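First, the structure itself, so that you have it in front of you.
Fair warning: this is a prediction, and the values are worked out from it, not measured in the lab. We count ligands from 1, going down the list as the structure has it; atoms in each ligand are counted the same way.
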Amino acid sequence: MAFELPPLPYAKSSFGDLISEETFNYHHGKHHNAYVSKTNAAIAGTDHEKKTLSEIIVEADGGLFNNAAQVWNHSFYWLCLSPERKDMPAELKSRLEAAFGSIDEFKTQFKAEATGHFASGWAWLVMDGDDLKITSYHDADSPVAHGVKPLLTLDVWEHAYYLDYQNARPDYVSALLDNAIDWEFVALNLDGKGISRADQG
Ligand code: FE2
């Protein structure tokens, strides 16, 4: 079964200056869509057609891994964002405070990871066993391939921010982390079902 580009869970114009409609047109409509098309082309006529994205990511390498992981990472990323300011649910807040000392310190460390990641990739908050950790992966790599549970991600490929922030990745990271995260979605992923939320098939 072919994968489909998932619709955005909000209007492309709803983030104002934080993320422009033009960025969504390219990032979702062109980049994410291309990863879907290339994944479908690679799995056509193979056993992978019957599998979920996360099953393919675990089994594949090379071009199929890169495209399937980029489909999954982007689907998860859109779900992490919200044009409405959302309060952090109490359980998530207490888990972050226990792991990082305070919410401010969590944000400081997440921004440092996302800003400092060299070249293309993704910054993540993951759950490794029972521990919350901040990490990043290069290029298309994904927590799906590493046995850790994804809670939150920010795309730090230039295509995620260049139209709105040019080369100022720190401004993009700070703007989104402080103003555009769906903390309710992040909290839902504490139950360990985060991988399936962006899965298809
Ligand atoms: Fe991206």
Side-chain angles (χ1 to χ4, degrees), residues 3-42 53-54 56-57 60 62-83 110-126 134-146 148 150-182 185-186 189 194-195 197-200:
F3 297 113
E4 295 181 0
L5 180 68
L8 292 166
Y10 28 68
K12 288 186 284 189
S13 60
S14 57
F15 286 83
D17 292 338
L18 287 172
I19 311 170
S20 67
E21 184 166 356
E22 187 182 21
T23 286
F24 280 115
N25 286 337
Y26 279 96
H27 198 180
H28 177 260
K30 303 289 187 187
H31 291 283
H32 193 180
N33 195 41
Y35 296 128
V36 173
S37 298
K38 289 175 182 175
T39 298
N40 285 334
L53 265 179
S54 56
I56 292 171
I57 291 166
L64 177 55
F65 173 86
N66 286 335
N67 283 293
Q70 283 294 74
V71 174
W72 190 94
N73 288 346
H74 282 92
S75 296
F76 192 84
Y77 171 64
W78 306 130
L79 294 171
C80 288
L81 303 178
S82 171
F110 193 94
K111 289 174 185 176
E113 183 77 28
T115 300
H117 180 90
F118 183 73
S120 296
W122 299 78
W124 296 89
L125 173 68
V126 300
I134 293 167
T135 190
S136 57
Y137 296 119
H138 286 284
D139 301 322
D141 202 4
S142 171
V144 177
H146 293 275
V148 295
L151 274 67
L152 166 68
T153 194
L154 281 183
D155 187 344
V156 296
W157 285 58
E158 275 194 347
H159 68 220
Y161 57 86
Y162 207 84
L163 290 174
D164 298 328
Y165 300 86
Q166 285 71 58
N167 63 334
R169 189 196 291 181
D171 293 350
Y172 153 79
V173 169
S174 290
L176 267 61
L177 195 64
D178 291 337
N179 302 291
I181 301 300
D182 187 342
F185 175 75
V186 178
N189 296 324
I195 287 175
R197 293 182 204 280
D199 222 335
Q200 302 178 57

Under the side chain to side chain contact (heavy atoms under 4.5 Å, CB included) criterion, do Leu81 and Tyr10 qualify, and how do the steps go? CA-CA 9 Å; Leu81 303 178; Tyr10 28 68; 3.6 Å; yes
Where Trp124 and Asp141 come nearest, the two heavy atoms and their spacing: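 The answer is NE1-O, 4.5 Å.
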Can you see whether His31 engages Trp157 through a side-chain donor-acceptor pair at a distance of less than 3.5 angstrom?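 The answer is no; no qualifying pair exists.
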Restricting to N/O/S atoms, is His27 within less than 2.8 Å of the Fe ion (ligand 1) or not?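 An N, O or S atom of His27 is closer than 2.8 Å to the Fe ion (ligand 1), so yes.
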Looking at every non-hydrogen atom in both residues, tell me the closest pair between Asn66 and Ala140 and how far apart they are.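 So the two residues come closest at O-CB, 3.4 Å.
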Under 2.8 Å from the Fe ion (ligand 1) - does any N, O or S atom of His32 fall there?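 Checking the Fe ion (ligand 1) against His32, no N, O or S atom falls under 2.8 Å.
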Quick check: of its N, O or S atoms, which one does His74 have closest to the Fe ion (ligand 1)?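 Atom name of the closest N, O or S in His74: NE2.
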Asp155: which N/O/S atom is nearest the Fe ion (ligand 1)?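 In Asp155, the N, O or S atom with the shortest distance to the Fe ion (ligand 1) is OD2.
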